[in-house]
Student: 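The structure's right below; bear with me while I get my questions together.
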Amino acid sequence: MDDLYREIIIDRYKNPIYRGSVNPHDIAFEDDNPLCGDHIRIEVRVNENGIVEQAAFDGHGCAISQAAADLLMETIIGKTIEEVKQITKDDILDMLGLELGPVRLKCALLSLKVLKAGVYGLGEATDDLVE
Amino acid sequence: METRTNTLDVKKIRQDFPILQREVHPGVPLVYLDSTATSQKPAQVIDAMDRYYRYTNANIHRGIHVLAEESTADYEAARQKVAQFIGAESPRQVIFTRNTTESINLVAYSWGRRHLNKGDVIILTEMEHHSNLVPWQMLAQERELRLEFIPVTEDGLLDLTAYPALLDFKPRMVAFTQMSNVLGTINPAKDMIALAHQAGAITLVDAAQSAPHLPVDVQDLDADFFAFSAHKMCGPTGIGVLYGKKELLESMPPFLGGGDMIKRVQLRSFAPNELPHKFEAGTPSIAEAIGLGAAVDYLTEIGMDKVESHEKEIIAYALERLEEIPGVKVFGPEAAKKGGVASFTLSSIHPHDVSQILDRHGIAIRAGHHCAMPLHEKFGLPATARASFYLYSTREEVDKLADSLYEVRKIFGM
Ligand SMILES: Cc1ncc(COP(=O)(O)O)c(C=O)c1O
């Protein structure tokens, strides 16, 4: 009955595939969502051709934030950094198969925000990265 | 088990609140358990504000026409009602602000800047809402003050055994909440104030949660400052109250400058107005003040003692139902020592997820740190789920909450 908690979300939340760390890594970034205390750290290794070879996340938070991070890691492996930069809010929502209100949207987009801040080599993860 | 001691006619009360009649999803009625964040508003309040805009609207003070006189009279009548509601000696001691937060900031800026200097000590507690924390932190930074904190015990009470030693620092200000918006803890304000006075300190009571839920009397408490918001007590947003002792308010410089707060203005100087206008610069929230007046009338007619005892009964029942659910941990003291607030966690399920699933059942609770991050840190939690109750809350709503928490467990495979 609960579309927001589709099986894939609960499953990825409880049994994440990409939780962990990547050593050595080329890109690492972390941030939290002060509203709910969700925290995400992402590590990525990129090969000489600019393709994401390995990616992992760590952190804690609600099912949506953690499942989104796990699915995002899966998506970026094998993509070029240029392709990763093109990932949008809508891609994340498609991935989750959800429509979310403004509060939960922040949970869903935290991992993308962190990833983009890392990929662009920014000092700070800001909301305009995922708008 | 079913001993009903209160005499509130909750069924009738619920009829007064139009929003309680709505559905939040098709066929799913609203179960509003978020009154600690803001209360719902009875038709009496909505109508008073509506009547003001349809019939009386004019800027107050100084106007010499019927509308101006009527609106001024209504605005000042609201002040009188509030004064009576909190047991103030005079309505001049009731200053209208935007909310509790602004009331506390007013004291920190005006009283604090006039009276506090390097090395002075302010005592707060570990259970404060950010609004009774950050204004003092800002002042402390500016003036190099020292902040000390009354600790919170494991069971969510203030550790008052630590209080006398803190008072030995000869604090200038002791500022604390009368009721915690997270733990529900009702603090012994009167005793704490008496001890603070013995140590020579001024006191500020954050009454954001107590004024809506308990009978309060500022003179009996002997509070120096007392701050609360209309929106948590059946009134509108955009209006709050700062009560202060007369000598204190008179000794304080104005907070904001502009119209209304002055007696005389010359190009290079001004003479401030008398209380309370000295602290009410610019056109105030007139309709909102009138709405607050109507809210005070509404609560007074019902009786704050009855509101309190109804909530006591509901929270006792809620704790009983919540604690029987496997994995639920409720924070804060036993029912006898708290108001109608139950903050809890359900196993390791994030409170956002809990809240989201409850919302499917029409149940509105809050999830997060409830503007008390240091307190959550103390308990080692980033967030909790919080169900809170008011005069319109029912046992049936508590049951719906409990049933839906079982459903959350099921969705998470527990
Ligand atoms: C104990 C306490 N203090 C202060 C506040 C701040 O009230 P307001 O946001 O109306 O200024 C709240 C509201 O959440 C509260 O619960």
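Convention: sequence-line order gives letters A, B, ...; per-chain numbering from 1. No experiment lies behind these values; they were computed from the predicted model shown.
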Student: Starting at OG of Ser355(B), measure out to CZ of Arg104(A) and round the result to the nearest 0.5 Å.
Tutor: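 Going from OG on Ser355(B) over to CZ on Arg104(A), the span is 8.0 Å.
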Student: To the nearest 0.5 Å, how far apart are CD1 in Ile411(B) and CD1 in Ile9(A)?
Tutor: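 Rounded to the nearest 0.5 Å, the CD1-CD1 separation comes out at 11.5 Å.
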Student: Just verifying a value: how many Å separate Ile64(A) CD1 and His350(B) NE2, rounded to the nearest 0.5 Å?
Tutor: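 Going from the CD1 atom of Ile64(A) to the NE2 atom of His350(B) covers 11.0 Å.
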Student: Are more than 12 heavy atoms, taken from residues, nucleotides or ligands other than Arg409(B), located less than 6.0 Å from that residue's CZ atom?
Tutor: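 Check passes, neighbour count above 12.
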Student: Are there over 12 heavy-atom neighbours, none belonging to Glu154(B), within less than 6.0 Å of that residue's CD?
Tutor: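 Not buried by this count: 12 neighbours or fewer within 6.0 Å.
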Student: Taking all heavy atoms of Tyr13(A) and all of Ser348(B), pick out the closest pair and write down the distance.
Tutor: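 Heavy atoms of Tyr13(A) and Ser348(B) come nearest at OH-O, 3.5 Å.
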Student: Is it the case that atom CD in Glu7(A) sees more than 12 heavy atoms from other parts of the structure closer than 6.0 Å?
Tutor: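 Incorrect, the count does not exceed 12.
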Student: Please check if the number of heavy atoms outside Glu377(B) that lie under 6.0 Å from its CD is greater than 12.
Tutor: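 No, not enclosed.
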